[in-house]
Amino acid sequence: MKKMLAVAMVGLALTSATFAGGAKDAKISPENPLVLKMSHVFAPNEQLTKSLAIVCDNIKARSKGAIEIQQYPQSQLPVYKDGVEQVAQGAKFISVEDPSYIGDYVGNFNALAGPMLVNSFDEYRWLTKSDLVAGMKKELEEKHRIKVLSLDYIFGFRSMMTNKVITKPEDLKGMKIRTPGSKLYVETLNYMGATAVPMGFSETISAVQQGVVDGLEGTVDAYASNGSAEVAKNMAFTNHLLGVCGVYINADLFNSIPKEYQTIIIEEFNKGADQMVSEVTNNYEATKKKLESTMGIKFNEVDHDAFAARVAPVYENKDIMKGADADILKKIRAEIAKMPKK
């Protein structure tokens with residue numbers, strides 16, 4: 001309760017500070033810097049945190065100190081739905097979250113983050129650069145004042161981490177699996193055959209140790225860096241969701257920033273996404289070997305078609321895909337089909 005109250009008070013302070021000044025502040029410059037707080041759930045040694053640290057440093061250097069972004073990892077400030085709400089309300093705040101959280105505002109983003117949608121990082125990045133997604137971002141900005149700085153912070157495909165070998169949906173029956181609180185994530189796991197338990201990550205490792213949950217799901221990168229490997233010794237490559245975050249800022253706040261600094265911000269967040277994808281891709285095999293050799297982790301393949309059949313109804317569930325176009329999945333697949341073959 002104390003933690004929840006503290007987070008709420010921080011959120012209120014962030015929003016109040018913005019409404020007290022916000023776009024009416026004196027012109028942003030090295031002498032009058034804009035300080036933005038950036039929040040997410042990732043641990044300090046995870047690649048997203050490290051990549052965003054580089055982005056923050058580069059923006060501050062290129063703007064000569066006029067724009068300072070202070071990164072707060074591991075849920076120190078509001079995250080998930082609460083973090084995106086801070087952005088929508090106009091706080092001097094940057095939220096880094098899965099696109100399903102902006103699906104609460106523009107429903108088609110739920111489908112973009114949907115289960116077993118893409119087969120590669122390249123397919124997803126092709127989608128984010130399409131006219132279809134450009135229209136979604138425009139609607140989000142115009143109707144809800146949330147500007148997307150990037151959608152491409154990919155940290156890998158998410159899979160099951162348990163102490164039981166999972167190969168088919170039936171193996172998940174009766175198993176409680178921790179997941180973030182996104183409705184899309186929760187229901188995807190339920191459709192797969194598990195019982196999803198939404199939970200903050202700060203509570204997850206102890207929950208697995210104590211048997212409150214039977215495991216969790218996440219990426220290989222996270223497995224090696226956030227403590228999961230200490231409590232769950234098997235990863236089943238379900239690849240049920242692509243682990244990816246977008247970066248969001250209030251549109252009115254962004255528009256109040258001088259154009260030269262806007263350009264720097266956008267360029268550096270795009271470069272940061274490229275750098276992160278490169279690091280995750282290049283380090284994948286080494287990270288996997290490290291997990292096997294030093295942490296005793298075992299990996300196994302699964303009946304992918306069986307899991308894909310289980311999650312297919314997610315896209316037809318109007319409660320999960322609330323606000324999404326009835327034919328959004330068809331539109332997304334049509335965009336993927338346009339991707340040049342290598």
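A salt bridge links Lys168 with Asp171; the closest basic N to acidic carboxylate O contact falls under 4.0 Å. Salt-bridge check for Lys173 with Glu170: failed, with every basic side-chain N at 4.0 Å or more from each acidic carboxylate O. A salt bridge does not link Lys147 to Asp252: none of the charged nitrogens lies less than 4.0 Å from a carboxylate oxygen. Here Asp221 does not pair with Lys50 in a salt bridge; the nearest charged N to carboxylate O distance is not below 4.0 Å. Between Asp325 and Lys331 a salt bridge is recorded (basic side-chain N to carboxylate O distance below 4.0 Å). A salt bridge does not link Glu203 to Arg178: none of the charged side-chain nitrogens sits closer than 4.0 Å to a carboxylate oxygen.
In this structure, the side chain of Asn317 does not engage the main chain of Pro313 through any donor-acceptor pair within 3.5 Å. With hydrogens and angles disregarded, a donor-acceptor distance shorter than 3.5 Å links the side chain of Tyr153 to the backbone of Phe269. In this structure, Thr49 contributes its side chain and Ala43 its backbone to a donor-acceptor pair below 3.5 Å. Between the side chain of Tyr315 and the backbone N or O of Pro115 there is at least one donor-acceptor pair closer than 3.5 Å.
Pro33 has its side chain out of reach of Ile67: every pair of non-hydrogen atoms, C-beta onward, lies at least 4.5 Å apart. Between Glu279 and Asp274, the closest side-chain pair of non-hydrogen atoms is not below 4.5 Å. Taking 4.5 Å as the limit, every side-chain heavy atom of Glu68 sits out of range of all side-chain heavy atoms of Leu36. Side-chain contact check for Lys164 versus Met175: some heavy-atom pair is nearer than 4.5 Å. Contact of the Leu117 side chain with the Tyr124 side chain is not registered, since no non-hydrogen atoms from C-beta on lie closer than 4.5 Å. A 4.5 Å side-chain heavy-atom check between Met192 and Val311 finds at least one atom pair inside the cut-off. A heavy-atom distance below 4.5 Å is found between the side chains of Met160 and Ile177. Side chains of Leu253 and Ser256 form a contact here, defined as non-hydrogen atoms less than 4.5 Å apart.
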| task | Show the numbers, then the answer: is there a side chain to side chain contact (heavy atoms under 4.5 Å, CB included) between Leu149 and Tyr248? | result | CA-CA 6 Å; Leu149 295 173; Tyr248 320 115; over 6 Å; no

| Should Glu141 and Lys138 be marked as a salt bridge (charged side-chain N to carboxylate O under 4.0 Å, His left out) after you check the CA-CA gap, both sets of side-chain angles, and the distance that decides it? | CA-CA 5 Å; Glu141 184 169 345; Lys138 182 179 180 182; over 6 Å; no

| request: Could you give me the CA-CA distance, side-chain angles and deciding distance for Ile320 and Asn110, then say whether side chain to side chain contact (heavy atoms under 4.5 Å, CB included) is met? | output: CA-CA 8 Å; Ile320 303 171; Asn110 284 314; 5.7 Å; no

| query | Do Ile154 and Met276 pass the side chain to side chain contact (heavy atoms under 4.5 Å, CB included) test, and can you show the C-alpha distance, the side-chain angles, and the key distance before you say yes or no? | reply | CA-CA 7 Å; Ile154 300 172; Met276 179 171 171; 5.9 Å; no

| task | Kindly indicate, with the supporting measurements, whether the criterion side chain to side chain contact (heavy atoms under 4.5 Å, CB included) is fulfilled by Glu85 and Asp82. | result | CA-CA 5 Å; Glu85 283 182 354; Asp82 293 337; 4.0 Å; yes

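Listed by first and then second residue, the side chain to side chain donor-acceptor pair (under 3.5 Å) pairs that reach into residues 285-307 are Asn234-Asn300, sequence neighbours excluded.
The aromatic rings of Tyr105 and His144 lie perpendicular to each other, with more than 60° between the two planes, well past the 30° mark.
There is no side-chain donor-acceptor pair under 3.5 Å between Gln74 and Gln76. Side-chain atoms of Tyr80 and Asp98 include no donor-acceptor pair closer than 3.5 Å. The closest side-chain donor-acceptor pair between Asp152 and Thr128 falls under 3.5 angstrom. Side chains of Thr219 and Arg158: no donor on one and acceptor on the other come within 3.5 Å. Defined by atom type and a distance below 3.5 Å, a donor-acceptor pair is present between the side-chain atoms of Gln71 and His40. In the model, Asn226 has a side-chain atom that pairs as donor or acceptor with a side-chain atom of Ser228 under 3.5 Å.
Remark: aromatic rings of Phe155 and Phe42 are close, center separation under 6.0 Å.
Heavy-atom minimum distance, Asn250 versus Ala88: ND2-O, 3.7 Å. Closest of all the heavy-atom pairs between Lys233 and Met295 is NZ-O, 3.0 Å.
In the hydrophobic cluster analysis, where Ile, Leu, Val, Met, Phe, Trp and Tyr join through side-chain heavy atoms closer than 4.5 angstrom, Tyr101 is grouped together with Val314. Connection of Val41 to Ile94 is established within a shared hydrophobic cluster, with ILVMFWY side chains joined at heavy-atom distances below 4.5 Å, either directly or through further cluster members. The hydrophobic clustering, which links ILVMFWY residues whose side-chain heavy atoms are closer than 4.5 Å, places Leu184 and Leu127 together.
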